[in-house]
Protein chains: 2
Amino acid sequence: MPLLLLKDLPRYECLIESAKEFPDLDPSAAEAYLHLLRAGDDAFSVSQRNLDEHGISQGRFCVLMLLWRSVHLPATELLGAKSCGDGPRTPAELAEGANVTRATMTGLIDTLERDGFVKREPDPVDRRMMSVRLTAKAEQFLHDFLPGHFRTTAKLMSTLSESERKTLVRLLTKISTQAAAMFGGPATVPAELATRAV
Amino acid sequence: MPLLLLKDLPRYECLIESAKEFPDLDPSAAEAYLHLLRAGDDAFSVSQRNLDEHGISQGRFCVLMLLWRSVHLPATELLGAKSCGDGPRTPAELAEGANVTRATMTGLIDTLERDGFVKREPDPVDRRMMSVRLTAKAEQFLHDFLPGHFRTTAKLMSTLSESERKTLVRLLTKISTQAAAMFGGPATVPAELATRAV
DNA sequence: CATTTATCGTTAGCCTCCTAACCGTCTGCC
DNA sequence: GGCAGACGGTTAGGAGGCTAACGATAAATG
């Protein structure tokens with residue numbers, strides 16, 4: 001469980017009730033917000049469980065996937081990664097791609113290297129840099145693990161039709177975009193911004 | 001940031017490409033899954049930022065809300081809580097409601113009590129139990145904080161129409177339900193699924 | 001009534017994330 | 001060439017989760 005979250009969401013009538021006390025409370029917005037966090041946490045927990053059984057954490061899996069991407073999809077697509085080249089990548093790039101600090105990435109690579117999944121190699125050109133590369137063991141692990149992971153994902157979404165999935169992705173993308181706009185924006189949200197902004 | 005997550009999601013064409021190598025990969029399911037985690041994380045980060053500015057963590061906020069709920073909505077709705085009574089609640093109930101272990105709740109209450117937001121009182125009947133109660137300081141804090149929090153939530157969802165919000169909640173509920181079913185189910189992906197997929 | 005079992009809150013120790021600071025290296029400017 | 005600043009990776013220390021175990025108390029069972 002990644003984030004502390006209410007187990008039982010409040011009912012919609014309760015939100016309406018609370019809105020009488022707090023005029024700023026938008027019941028349908030709050031409902032959507034809470035369900036989003038709830039569903040995201042549920043989906044995460046399901047995949048987390050899959051990972052736990054294989055003794056690998058979400059963070060480590062993320063690093064492996066980033067490295068795997070850079071190996072298996074080098075020329076076809078860049079996937080938004082800055083590195084155009086194929087092959088290994090640096091800790092800083094991995095930290096950027098995984099949305100963690102460089103310090104955190106150091107720790108992740110430490111344990112991955114200790115367990116034989118990756119190998120550090122000094123960059124021959126820039127002696128500040130390291131290159132991180134997947135080992136054969138990691139390739140084998142992913143080859144064994146990924147099919148089950150994909151099946152879990154497919155099963156999780158099996159309750160949604162193709163058109164529902166498209167709709168969901170469209171709505172979620174809207175939210176992510178809005179969140180990005182808000183995150184870059186002002187720290188505190190003054191009242192006048194609520195109307196001015198998008 | 002609660003969970004380590006890919007910053008840039010793979011493009012849909014890449015998922016289709018990868019599906020050639022992994023027949024178990026359902027591109028639209030994977031896309032929906034990744035967007036769900038991404039959007040959930042984004043929404044969480046926005047509210048997290050709000051909390052950070054007030055020097056309170058997500059976990060502590062969760063506890064305060066649970067206690068506040070039990071005070072302000074005692075008779076009208078039970079909100080799924082087991083406790084039917086009004087007023088204070090026990091650490092075990094709070095842990096249940098916040099989806100954390102009792103040990104974690106002990107730590108949260110420790111810091112909340114240290115900062116003067118809650119107060120522990122021994123239960124006069126059952127001497128194993130403690131009662132946790134909001135202080136006046138916490139009531140004041142929530143009164144000051146919640147309106148901004150609700151405005152942030154409303155702004156985050158402002159890109160969605162009422163009908164879109166309803167649709168989103170419906171789809172997310174489906175996913176949560178499916179996740180619950182999978183979580184209670186078998187640990188490893190059963191053979192019937194594996195054989196069927198391959 | 002005595003003993004076993006279950007429950008409550010807490011403690012101890014681990015893991016993973018974070019921030020802040022550090023050292024070595026590269027780069028730009030004089 | 002030499003030096004200030006930027007950048008890459010690491011280290012140290014803190015916060016917040018977790019599990020496993022503990023004493024104290026209540027409840028169930030003989």
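Both backbone and side-chain heavy atoms feed into the values below; hydrogens, waters and symmetry mates do not. It should be emphasised that the depicted structure is a prediction, and the values quoted were computed from it without experimental measurement. Within every chain, numbering begins at 1; the chains are lettered A, B, ... in the order of the sequence lines, protein sequences first and strands thereafter.
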Kindly write out the residues that satisfy side-chain contact (heavy atoms from CB on, under 4.5 Å) with [X], not counting sequence neighbours, or none if the list is empty.
{"X": "A:Ala43", "result": "A:Leu156, B:Tyr33, B:Leu36, B:Leu37"}
{"X": "A:Ser176", "result": "B:Arg38, B:Ala39, B:Asp42"}
{"X": "A:Asp126", "result": "A:Asp123, A:Arg128, A:Met129"}
{"X": "B:Leu51", "result": "B:Gln48, B:Ile56, B:Gln58, B:Phe61, B:Phe145"}

Length of the line joining [X]:[atom1] and [N]:[atom2], which is rounded to integer Å:
{"X": "A:Glu96", "N": "D:dC7", "atom1": "CD", "atom2": "P", "value": "13 Å"}
{"X": "B:Leu51", "N": "D:dA15", "atom1": "CG", "atom2": "P", "value": "18 Å"}
{"X": "B:Arg114", "N": "D:dA15", "atom1": "CZ", "atom2": "P", "value": "8 Å"}
{"X": "B:Gln58", "N": "C:dC17", "atom1": "CD", "atom2": "C1'", "value": "15 Å"}
{"X": "A:Phe61", "N": "C:dT16", "atom1": "CZ", "atom2": "P", "value": "16 Å"}
{"X": "A:Asp123", "N": "D:dG8", "atom1": "CG", "atom2": "P", "value": "12 Å"}
{"X": "A:Asp41", "N": "D:dG17", "atom1": "CG", "atom2": "P", "value": "12 Å"}
{"X": "A:Arg60", "N": "C:dC17", "atom1": "CZ", "atom2": "C1'", "value": "15 Å"}

All N/O contacts under 3.5 Å from nucleotides 8-15 of chain C to the protein, with atom names and distances to one decimal?
| unit_1 | atom_1 | unit_2 | atom_2 | d |
| --- | --- | --- | --- | --- |
| C:dG9 | OP1 | B:Met130 | N | 3.2 |
| C:dG9 | OP2 | B:Ala92 | N | 2.8 |
| C:dG9 | N7 | B:Arg102 | NE | 3.1 |
| C:dG9 | N7 | B:Arg102 | NH2 | 3.2 |
| C:dG9 | O6 | B:Arg102 | NH2 | 3.2 |
| C:dT10 | OP1 | B:Arg120 | NE | 2.9 |
| C:dT10 | OP1 | B:Arg120 | NH2 | 3.4 |
| C:dT10 | OP2 | B:Thr106 | OG1 | 3.3 |
| C:dT10 | OP2 | B:Arg120 | NH2 | 3.3 |

Sidechain N-carboxylate O distance under 4.0 Å for A:Lys166, B:Glu31: yes
By nearest-nucleotide position on DNA chain D, the 5'-leaning member of B:Thr101 and B:Thr111 is B:Thr111
Which ring-ring contact (aromatic ring centres under 6.0 Å, His included) pairs, counting each pair once, include a residue from residues 111-136 of chain A, with sequence neighbours left out? A:Phe117-A:Phe141
